[in-house]
Amino acid sequence: MSLTLHIDLGAVAENYRALAARHRAPVAGVIKADGYGLGAVEVAPVLRAAGAEQFFVATPSEGVAVRGAIPGADLFILGGLWPAKLADYRAHNLIPVLNSFIDLTNWMREASRSGLRLPAAIHIDTGMRRLGLDQRTLDTLAADPEPFRLLDVRYVMTHLASADEPDSPQNEEQAESFERACARLPPTPRSFANSSGIFLGTRFRSDLARPGAALYGVNPIPGRLNPMRNTVRLLGRVLQLREVAAGEGVGYNASWRAARPARVATVACGYADGYLRSLSNRGFAAFDGRRLPLIGRVSMDLLTFDASEASRLREGDALELIGPAVPPDELARLAGTNAYEILTSLSRRADRSYFAP
Ligand SMILES: *Cc1c(COP(=O)(O)O)cnc(C)c1O
């Protein structure tokens with residue numbers, strides 16, 4: 001196996017328990033984007049065993065894909081109610097997060113048609129301005145809270161835009177705006193914090209936090225020591241080692257040239273495996289306690305590293321490409337992105353091995 005992704009489900013479970021202890025109130029599992037790249041079907045039952053009873057995905061097809069792994073659990077669709085997929089919501093017991101007047105209307109119509117008080121969550125926009133009821137729709141709902149009678153509204157929720165910046169005034173503004181909105185609606189459990197929000201303090205506590213990233217080891221408090229455990233380790237095998245002379249170029253367009261004689265390790269991983277091409281000449285790998293700089297362009301299937309300092313490295317050995325010694329947060333900084341993108345980019349080409357809790 002030339003490229004292997006080790007996924008530590010025990011660490012995911014531990015992260016869940018740490019977040020639940022910190023929140024001191026119920027905590028859901030956000031498993032959209034295939035569990036942030038780790039595999040939603042594998043991750044969901046582990047979170048459930050650790051205590052999660054509510055799950056969130058982005059789309060109905062993600063919901064259908066994971067439903068069998070968590071039968072009976074509450075499974076919310078953040079993207080709202082997609083009319084073309086209405087049958088899937090009903091057949092797989094997917095709970096829409098109603099984001100708009102149209103969502104509310106369509107789900108109430110389905111409730112009347114079926115004679116059932118269908119479950120739902122209602123999302124209020126408090127400043128993210130992507131999804132959720134706008135002020136006018138909130139006014140309408142406050143004046144006539146019929147959806148709360150016709151539907152089984154499990155949560156009123158909102159989403160923080162700047163939770164990873166604890167000093168941003170937007171956090172308090174959103175807390176106030178959410179408080180005001182909830183006060184105008186029939187009493188309903190609330191859902192507020194994402195991963196970083198759990199670390200913002202008691203004002204951001206609610207009846208259900210919705211962490212995703214931190215479950216998978218992403219640092220929820222950037223700039224401070226990561227309190228979460230690393231969950232993934234991507235190991236790439238060295239296919240070839242070669243000596244290059246001073247002045248010789250490596251890779252497409254010879255974007256790296258040896259300043260002095262060097263030893264180059266070519267590894268079986270590339271951008272088709274989700275290793276970001278923007279890490280060209282910026283990334284690094286780890287071997288034997290050392291960091292090996294990524295040199296040259298990231299190719300589709302191959303990476304090249306300067307292994308001059310790693311004298312014990314042999315062909316066939318594995319380099320750590322992502323993991324405890326190559327944290328996703330640090331790679332993300334070098335790539336000009338966030339750790340979410342590093343994880344969700346991981347493709348299915350790598351062989352996966354899961355370590356049970
Ligand atoms: C993705 C998402 C979350 C989880 O956010 P993290 O930053 O990964 O913890 C929570 N709520 C909503 C609405 C989301 O879209």
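Numbering of ligands and ligand atoms starts at 1, following listing order. Small disclaimer: the values here were computed from a predicted structure and weren't measured.
Under the 4.5 Å side-chain heavy-atom criterion for Ile, Leu, Val, Met, Phe, Trp and Tyr, F148 and M157 are members of the same hydrophobic cluster.
Heavy atoms from other residues, nucleotides or ligands lying under 6.0 Å from CZ of R263 number more than 12.
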* Evaluation steps, side chain to side chain donor-acceptor pair (under 3.5 Å), between T137 and D134 -> CA-CA 5 Å; T137 311; D134 58 18; 2.6 Å; yes
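Applying the ring-ring contact (aromatic ring centres under 6.0 Å, His included) test to H6 and every residue at least two apart in sequence or in another chain returns F355. N230 meets the side-chain hydrogen bond (donor to acceptor under 3.5 Å, both in side chains) test with no other residue; sequence neighbours excluded.
Pairs passing the side-chain hydrogen bond (donor to acceptor under 3.5 Å, both in side chains) check and including a residue from residues 332-344, sequence neighbours excluded, read T337-E341.
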Starting from the N and O atoms of ligand 1, collect every protein N/O partner closer than 3.5 Å and put each pair on its own line with the distance to 0.1 Å.
residue  : atom   : partner : partner atom : Å
ligand 1 : 7 (O)  : N194    : ND2          : 3.2
ligand 1 : 7 (O)  : Y340    : OH           : 2.6
ligand 1 : 8 (O)  : Y36     : OH           : 2.5
ligand 1 : 8 (O)  : A213    : N            : 2.8
ligand 1 : 9 (O)  : S195    : N            : 2.8
ligand 1 : 9 (O)  : S195    : OG           : 2.5
ligand 1 : 9 (O)  : G212    : N            : 2.8
ligand 1 : 11 (N) : H159    : ND1          : 3.3
ligand 1 : 11 (N) : R210    : NE           : 3.0
ligand 1 : 11 (N) : R210    : NH2          : 3.2
ligand 1 : 15 (O) : K32     : NZ           : 2.7

